[in-house]
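Residue numbers run from 1 in the order of the sequence given.
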Amino acid sequence: MVQATPFLLVLFLALGAHGLSQKKCSLTGTWVNDLGSNMTITTMNGNGDFNGFYHTAVTATSNEIKLSPLQGSRQKGPNQKGQPTFGFTVNWSFSDSITVFTGQCFVDDYGKEVLKTMWLLRSRVENIKNDWKATRVGTNVFTRLQSQE
């Protein structure tokens, strides 16, 4: 029995680690990013297409910030392993700009879901000479916003 103990310990650890890797990340729900912006993904169909809305905490315009619609798609291929890649577009309701996000949904070592994203924001400019200043790029990290129940 003593010789079997190390084998059983290794088997137990392997099975436990396998269980951790099987945790799935779900995009639906409400998220907050590192700048305090909120995003809610309300619906997702069987093809991985989703809708929702975005309320940004930051803007480069003096216009009043308004809730803006988003549309996106989640990759649902066999290699996603419960931590899917995705992309979505936010059509800003209060400015002449649009932002596209791309990222991946992760489950960390503590079981917490995290969205790591990169974005491109395109603003309208008056003419082609100002095209150089029309696109911005950045990153955001989103965490799930827990409901206050």
Side-chain angles (χ1 to χ4, degrees), residues 8-126 128 130-149:
L8 291 175
L9 179 60
V10 169
L11 180 62
F12 175 77
L13 291 173
L15 290 174
H18 176 71
L20 288 176
S21 67
Q22 296 302 314
K23 291 184 180 176
K24 296 188 189 278
C25 194
S26 172
L27 293 175
T28 55
T30 302
W31 301 85
V32 62
N33 73 16
D34 44 323
L35 297 174
S37 298
N38 290 313
M39 169 182 67
T40 300
I41 297 174
T42 56
T43 60
M44 183 169 306
N45 69 23
N47 292 326
D49 299 325
F50 58 87
N51 293 300
F53 49 90
Y54 199 104
H55 190 264
T56 186
V58 296
T59 183
T61 178
S62 60
N63 298 343
E64 176 187 353
I65 294 174
K66 296 180 181 175
L67 199 62
S68 299
L70 70 80
Q71 291 182 312
S73 186
R74 170 186 58 101
Q75 176 63 4
K76 58 178 217 149
N79 296 323
Q80 294 298 307
K81 308 290 189 235
Q83 299 191 86
T85 55
F86 60 89
F88 63 90
T89 302
V90 178
N91 186 353
W92 300 110
S93 300
F94 58 91
S95 70
D96 292 333
S97 60
I98 196 161
T99 302
V100 293
F101 287 79
T102 186
Q104 186 169 355
C105 188
F106 291 101
V107 178
D108 71 12
D109 293 339
Y110 304 102
K112 182 177 175 182
E113 295 168 302
V114 177
L115 306 180
K116 298 281 285 187
T117 66
M118 176 170 262
W119 52 262
L120 290 171
L121 180 144
R122 176 66 189 210
S123 298
R124 190 185 74 77
V125 291
E126 294 300 321
I128 198 167
N130 290 326
D131 183 63
W132 65 271
K133 64 180 180 178
T135 303
R136 297 176 186 188
V137 62
T139 61
N140 285 121
V141 177
F142 293 82
T143 55
R144 188 172 294 284
L145 189 62
Q146 301 300 323
S147 62
Q148 305 291 340
E149 295 180 24

Engineer: Would you say that Phe94 contacts Ser68 through its side chain, given a criterion of any heavy-atom pair below 4.5 Å between the two side chains?
Structural biologist: yes

Engineer: Side chains of Phe50 and Leu70: closer than 4.5 Å at any heavy-atom pair?
Structural biologist: yes

Engineer: Under a 4.5 Å cut-off applied to non-hydrogen side-chain atoms, are Thr143 and Lys112 in contact?
Structural biologist: yes

Engineer: Side chains of Leu120 and Thr135: closer than 4.5 Å at any heavy-atom pair?
Structural biologist: yes

Engineer: Compare every heavy atom of Leu27 with every heavy atom of Leu115, then report the nearest pair and how far apart it is.
Structural biologist: CD2-CD2, 3.6 Å

Engineer: Given 3.5 Å as the limit, does a donor-acceptor pair link the side chain of Asn140 with the main chain of Thr117, or not?
Structural biologist: no

Engineer: Are Arg144 and Ser26 packed together at the side-chain level, in the sense that at least one heavy-atom pair is separated by less than 4.5 angstrom?
Structural biologist: yes

Engineer: Determine whether a donor-acceptor pair (N or O, by modelled atom type, separation under 3.5 Å) exists between the side chain of Ser123 and the backbone of Ser97.
Structural biologist: no

Engineer: Compare all side-chain heavy atoms of Phe142 with those of Glu113 and state whether any distance is below 4.5 angstrom.
Structural biologist: no

Engineer: What distance separates Arg74 CZ from Cys25 SG, expressed to the nearest 0.5 Å?
Structural biologist: 10.5 Å

Engineer: Measuring from atom CD of Glu64 to atom OG of Ser95, what distance do you get when rounded to the nearest 0.5 angstrom?
Structural biologist: 13.0 Å

Engineer: For a quick check under 3.5 Å, do Thr40 and Thr42 share a side-chain donor-acceptor pair by atom type?
Structural biologist: no

Engineer: Taking the inter-plane angle between the rings of Tyr54 and Phe88 on a 0 to 90° scale, is it parallel (under 30°), tilted (30 to 60°) or perpendicular (over 60°)?
Structural biologist: tilted

Engineer: Do any N or O atoms from the side chain of Asp108 and from the backbone of Tyr110 form a donor-acceptor pair under 3.5 angstrom?
Structural biologist: yes

Engineer: If only atom types and distance count, is the side chain of Gln104 paired as donor or acceptor with the main-chain N or O of Lys116 below 3.5 Å?
Structural biologist: no

Engineer: For Thr85 and Thr102, what are the C-alpha separation, side-chain angles and deciding distance, and is it a side chain to side chain contact (heavy atoms under 4.5 Å, CB included)?
Structural biologist: CA-CA 8 Å; Thr85 55; Thr102 186; over 6 Å; no

Engineer: Taking atom CG of Asn91 and atom CZ of Phe53, what is their separation to the nearest 0.5 Å?
Structural biologist: 15.5 Å

Engineer: For the atom pair CZ (Phe101) and CG (Asn33), what is the distance rounded to the nearest 0.5 Å?
Structural biologist: 7.0 Å

Engineer: Test your reading of the model: is there a side-chain donor-acceptor pair from Thr56 to the backbone of Ser37, 3.5 Å cut-off?
Structural biologist: no

Engineer: Work out which heavy atom in Ser93 is nearest to a heavy atom in Lys66; give both atom names and the distance.
Structural biologist: CB-CB, 4.3 Å

Engineer: Can you tell me how far the NE2 atom of His55 sits from the CE atom of Met39, to the nearest 0.5 Å?
Structural biologist: 14.5 Å

Engineer: Is it true that atom CZ of Arg122 has more than 12 heavy atoms of other residues, nucleotides or ligands lying nearer than 6.0 Å?
Structural biologist: yes

Engineer: Any donor-acceptor pair under 3.5 Å linking the side chain of Thr99 with the backbone of Val90?
Structural biologist: no

